[in-house]
Protein chains: 2
Amino acid sequence: MPTPKSLLERAFSLLSVFTVDRPAVTLSELSRHSGLPLSTTHRLVTSLVELRALDRAPNGRYRVGLRLLELGALSPGSLDLRDRALPFLEDLYEVTRHNVQLAVRDGTEVVYVERISARDAVNVVTRVGSRMPLHCTGVGLVLLAAAPVAVQDAVLAAPLKRYTARTIASPQELRESLARVRRDGYAISDRQIELITYSVAAPVRGPDGDVVAAVSVVVPTGTRTDTVVPAVRTCGLAISRALGWASGAP
Amino acid sequence: MPTPKSLLERAFSLLSVFTVDRPAVTLSELSRHSGLPLSTTHRLVTSLVELRALDRAPNGRYRVGLRLLELGALSPGSLDLRDRALPFLEDLYEVTRHNVQLAVRDGTEVVYVERISARDAVNVVTRVGSRMPLHCTGVGLVLLAAAPVAVQDAVLAAPLKRYTARTIASPQELRESLARVRRDGYAISDRQIELITYSVAAPVRGPDGDVVAAVSVVVPTGTRTDTVVPAVRTCGLAISRALGWASGAP
DNA sequence: GTCAGGTTTCCGGTGAGTGGAAGACTGGGC
DNA sequence: GCCCAGTCTTCCACTCACCGGAAACCTGAC
């Protein structure tokens with residue numbers, strides 16, 4: 001935490017202390033992880049609790065408040081997209097029986113907005129609200145391929161985080177992948193995150209034809225693609241149609 | 001908006017402008033609805049955008065940022081509860097084919113944390129993140145019956161909002177309902193929100209036996225209760241068990 | 001009892017936040 | 001094309017809300 005100056009920055013650096021692995025913390029932990037003085041932390045936390053942005057558990061620890069769930073539910077993708085897409089995601093899940101996910105782009109990252117996970121899912125990497133880089137996930141490739149040039153350049157210029165030996169590592173490789181995605185209308189991210197899975201993703205378009213989200217399924221390595229690809233693409237088209245996209249339009 | 005003084009209050013009064021019916025607003029609208037001077041609004045909004053708490057759509061309007069979805073996903077109920085409960089909620093949906101919901105209590109309100117809605121659902125009142133009073137919903141009655149006395153007193157002392165002619169309106173009536181819920185181990189909210197539906201709710205318990213959430217199904221008026229009640233109660237027990245509750249314990 | 005850790009309260013100095021005003025953009029009407 | 005109403009952005013000097021060190025206050029463990 002590089003010493004935030006404005007009050008809002010401080011408040012958010014407090015909120016950022018909470019993660020999936022650390023969902024409840026004490027006041028002192030908040031102070032330590034955020035780098036803010038204890039008394040400052042105390043004052044801020046008290047206000048945040050008043051605003052219901054934080055919540056004090058009976059054991060004295062602080063948790064993220066339900067107010068933030070409420071607000072988060074209004075974020076783009078959560079509102080319209082989520083509700084309309086869910087039935088189709090369920091259909092896709094019925095067919096494939098593997099982890100189905102819906103994601104949108106936020107800057108140079110993917111954010112998952114909905115997920116249906118098989119009980120014995122092959123991966124548990126993603127959750128609703130979690131983020132991943134654009135270059136190494138199926139949804140990421142689809143979203144990046146449709147993103148403004150400025151975003152693509154930013155991703156191509158930054159170092160590409162490597163997860164496995166198969167993760168796309170060079171800008172050149174990424175450029176080729178994006179071209180392929182644009183040509184084919186879908187993306188396959190083959191063992192880029194874990195060696196035991198690959199994912200297939202397809203775009204979701206809004207009324208004006210822009211790519212607003214991406215659907216994907218994560219399946220175990222070895223699964224035949226010829227069954228998965230059409231299912232995912234169909235799902236993407238179905239959601240697009242539910243959002244008001246008319247395929248005939250230019 | 002009663003003129004907030006602290007910066008955080010101001011920031012949250014801006015965020016509060018966003019609702020389900022008003023998910024994207026312009027700067028001036030934010031200023032007007034929050035009661036803050038335009039220049040102040042502008043400065044705050046700019047910081048919030050930098051922090052990704054807000055997002056500027058291409059058309060210039062502001063929306064809630066994905067950062068808040070990310071944070072909201074860490075709120076109690078979203079993290080553990082949600083994931084563990086979903087399979088059972090789906091089972092309940094399979095059986096009943098009507099709107100299934102999972103909710104927790106926040107102060108004197110119910111907050112819905114998960115929902116599975118039938119495509120041709122009888123109601124569309126609730127959404128993930130939305131709030132309702134405790135006295136008139138099935139989940140609310142279950143949660144209130146298990147709440148600390150202070151909370152019960154607060155609800156009993158406040159005016160009870162009325163939705164239909166059947167909504168519980170007097171403290172006496174509410175007290176009796178709560179006693180019944182405690183005795184029976186489930187709640188029925190009969191036509192209290194809409195005259196065409198009633199809901200059946202059951203408690204979900206954490207490892208230490210505390211009621212941490214409630215499950216419910218909303219069914220059309222006229223549906224036989226003898227099939228719905230056992231299904232909902234079973235679902236509540238199943239989720240409780242998945243959370244580590246051992247029924248044998250006191 | 002003592003001690004270590006965490007939590008709450010206090011208060012004077014000060015710079016981050018304030019908001020009125022003026023200027024820069026829209027886009028819609030004629 | 002021109003104008004105008006509404007919206008957005010920038011500027012800047014005042015001032016009050018925020019800052020954080022310090023000290024008191026709670027725990028519970030040993």
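Everything numeric in this text was worked out from a predicted model, so none of it was measured. Every chain is numbered from 1 and lettered A, B, ... according to where its sequence line falls, protein lines coming before strand lines.
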Self-check item: Which nucleotide in C/dT7, C/dT8, D/dG21 has an atom nearest any side-chain atom of A/P37
Solution: D/dG21
Self-check item: Nearest-Å distance for atom pair CG/P, residues A/L30 and C/dG5
Solution: 19 Å
Quiz item: In whole Å, what is the span from the CZ atom of B/R32 to the P atom of D/dG6?
Solution: 10 Å
Quiz item: What is the distance from CG of A/L27 to P of C/dT9, rounded to the nearest Å?
Solution: 12 Å
Quiz item: Which nucleotide in the list D/dT9, C/dT8, D/dT7 gets nearest to the side chain of B/L38?
Solution: D/dT9
Quiz item: Is the shortest side-chain N/O distance from B/R10 to OP1 or OP2 of C/dG19 below 4.0 Å?
Solution: yes
Exercise. Please determine if a side-chain N or O atom of B/S39 lies less than 4.0 Å away from the OP1 or OP2 oxygen of D/dT9.
Key: no
Self-check item: Nearest to side-chain heavy atoms of B/L7, which nucleotide of C/dT8, D/dC8, C/dT18
Solution: C/dT18
Self-check item: Heavy-atom side-chain proximity of A/V212 to A/R205 below 4.5 angstrom
Solution: no
Quiz item: What nucleic acid atoms does B/R61 come within less than 4.0 Å of, heavy atoms only: base, sugar-phosphate, or nothing?
Solution: nothing
Practice problem: On DNA chain C, check which nucleotide each of A/L8 and A/R56 is closest to and give me the residue with the more 5' one. | Solution: A/R56
Practice problem: Would you please confirm or rule out a distance under 4.0 Å between OP1 or OP2 of C/dG19 and any side-chain N or O of B/T40? | Solution: yes
Quiz item: Just how far, in rounded Å, is C1' of D/dC19 from CD of A/E9?
Solution: 16 Å
Quiz item: Between C/dG20 atom P and B/L36 atom CG, what is the distance in whole Å?
Solution: 11 Å
Self-check item: Polar side chain donor-acceptor pair, A/Y62 to A/R56, under 3.5 angstrom
Solution: yes
Quiz item: Is it true that B/E29 and B/R32 have a side-chain N and a carboxylate O under 4.0 angstrom from each other?
Solution: no
Quiz item: How would you label the contact of B/T26 with the nucleic acid (heavy atoms, under 4.0 Å): base, sugar-phosphate, or nothing?
Solution: sugar-phosphate
Quiz item: If you check every side-chain atom of B/Y62, which of D/dT7, C/dT7, D/dT9 has the closest atom?
Solution: D/dT9
Quiz prompt | Donor-acceptor contact present, side-chain B/S34 to main-chain B/L30, <3.5 Å | solution = yes
Quiz item: With respect to the phosphate group of D/dC8, does any side-chain polar atom (N or O) of B/H42 fall under 4.0 Å of OP1 or OP2?
Solution: no
Quiz item: When the distance from CG of B/L14 to P of C/dG17 is rounded to whole Å, what number comes out?
Solution: 14 Å
Exercise. Please tell me if the side chains of A/V64 and A/L15 come closer than 4.5 Å, counting only heavy atoms from C-beta onward.
Key: no
Exercise. Ignoring backbone atoms, test whether A/R43 places a side-chain nitrogen or oxygen under 4.0 Å from the OP1 or OP2 oxygen of D/dC19.
Key: yes
